[in-house]
Protein chains: 2
Amino acid sequence: MLRMRPLIHPSIEDVTVEGILHALSDPVRAAIYAELAVSSGATCSNFLKISDREIPKSTLSQHFRALREAGLIRSERHGVEMRNTTRCEEVNQRFPGLVVTIMQAHQTQAAERLQANTRKPSPRKTKAR
Amino acid sequence: MLRMRPLIHPSIEDVTVEGILHALSDPVRAAIYAELAVSSGATCSNFLKISDREIPKSTLSQHFRALREAGLIRSERHGVEMRNTTRCEEVNQRFPGLVVTIMQAHQTQAAERLQANTRKPSPRKTKAR
DNA sequence: TCCAGTAGTTCGTAACTTATGAACTATGGA
DNA sequence: TCCATAGTTCATAAGTTACGAACTACTGGA
């Protein structure tokens, strides 16, 4: 019988730069984090469709876990669903500007790609990971 | 017969945030980058011993390649050795503050660890990757 | 209390990445 | 030409990630 282990939220002193960079180096996770930053409390299934491709539920679940265990988000069960919020204040206190700057860079890049895509018709889908 | 392929330096528009974060999410690569930032032109073998552990030459070579192909450094052959320099100006122009902030965070963390190590005698070597 | 539905997790495994020793290339000097 | 030095490539073992299938956990009826 499968057990459901408790969610792991590292305490802020245990959060590492390596961990944060690794977590946010994945475009799907960066997109999730970006969305959580504006719509706090969003659930896993709010993300089933991200950036023009369907992501399997199990994969998404792993991505949330990665963000959680890197210390970037906090997840709480509310009834049947899992509400997620960023830990941005804590993290920003520990590593000032880090996450904000990373997310800005991601945004800069997303804007560039959007522009490129409106110019050319179908420009060789940008390689993931 | 083994061929030696030409070094790949992506043009600055092809440098991605994902790539940068991934490259700098490895502590060895972050240490190399940090060192290059202060001692420009350093060679691969200057790094054979980094942060208390010996790193094999082949592994180091791959790390330099990763940094190079992420667009973070430029490598040029000078005689028998390979001189490496950061591409920090270009990269900073493309993603303002990104690399600087990441390196600051790494430094903050390194300082913390150093402090912790001087307090306790041998405190369970911090897990890599 | 049982059942169905919804939300998310875990497991197994296939696909991909990374680390490293051994063998190589490339260059310069004797 | 031969040797030494610096770094690269290859093969492969070890580690990581993605994803379908099967599960847990919870809620709201009947």
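Since the model is a prediction, treat every value here as computed from it, not as a measurement. A, B, ... follow the sequence lines: proteins, then strands. Residue 1 opens every chain.
Counting heavy atoms from C-beta outward, B/I32 and B/L67 have side chains that approach closer than 4.5 Å.
A salt bridge (charged side-chain N to carboxylate O under 4.0 Å, His left out) check over residues 93-103 of chain A, counting only residues at least two apart or in different chains, returns the pairs A/R94-B/E112.
Look at CD on B/E76: it is 14 Å from P on D/dT8, rounded to the nearest Å. With rounding to whole Å, B/M82 atom CE is found 14 Å from D/dT5 atom C1'. Straight-line distance from the CZ atom of B/R29 to the P atom of C/dT17: 13 Å, rounded to whole Å. Here C/dA7 presents its P atom at 9 Å from CG of A/L48, a figure rounded to the nearest Å. To the nearest angstrom, C1' of D/dT24 lies 4 Å from CE of A/M4.
In this model, the phosphate group of C/dT18 is approached by a side-chain N or O of B/H22 to a distance below 4.0 Å at OP1 or OP2. Considering only side-chain N and O atoms, A/R5 lies nowhere under 4.0 angstrom from the phosphate OP1 or OP2 of C/dT9.
The nucleotide whose nearest atom lies closest to any side-chain atom of A/V80 is, among C/dA26, C/dT18, D/dA25, D/dA25.
Remark: B/S75 pairs with B/R68, B/N84 by the side chain to side chain donor-acceptor pair (under 3.5 Å) rule, at least two apart or across chains. Take B/Q109 and apply the side chain to side chain donor-acceptor pair (under 3.5 Å) test, not counting sequence neighbours, and it matches A/E18. Every residue two or more places apart in sequence or in another chain was checked for a salt bridge (charged side-chain N to carboxylate O under 4.0 Å, His left out) with B/R77, and none qualifies. For the side chain to side chain donor-acceptor pair (under 3.5 Å) test, residues two or more places apart in sequence or in another chain that qualify with A/H63 are A/R29. Residues passing the side chain to side chain donor-acceptor pair (under 3.5 Å) test with A/R74, sequence neighbours excluded: A/E90. Residues satisfying the salt bridge (charged side-chain N to carboxylate O under 4.0 Å, His left out) test with B/E54, not counting sequence neighbours, are B/K49.
At its two ends the helix from C/dT1-D/dA30 to C/dA30-D/dT1 runs along axes set 0° apart, each axis drawn from five pairs and the angle rounded to 10°.
A heavy-atom distance below 4.0 Å to DNA chain C is reached by these residues of residues 54-69 of chain B, ordered by number: B/P56, B/S58, B/T59, B/Q62, B/H63. Remark: B/T43, B/C44, B/S45 in residues 35-46 of chain B come within less than 4.0 Å of DNA chain D through at least one heavy atom.
Taking a 4.5 Å side-chain heavy-atom cut-off between Ile, Leu, Val, Met, Phe, Trp and Tyr, the cluster of A/V80 contains only that residue. Other cluster members for B/I8: none, since no ILVMFWY side-chain heavy atom sits under 4.5 Å from it.
Residues A/R83 and A/E81 are paired through a salt bridge, judged by an N-O separation under 4.0 Å between the basic side chain and the carboxylate.
Nearest-nucleotide positions on DNA chain D place B/L7 closer to the 5' end than the other of A/G79 and B/L7.
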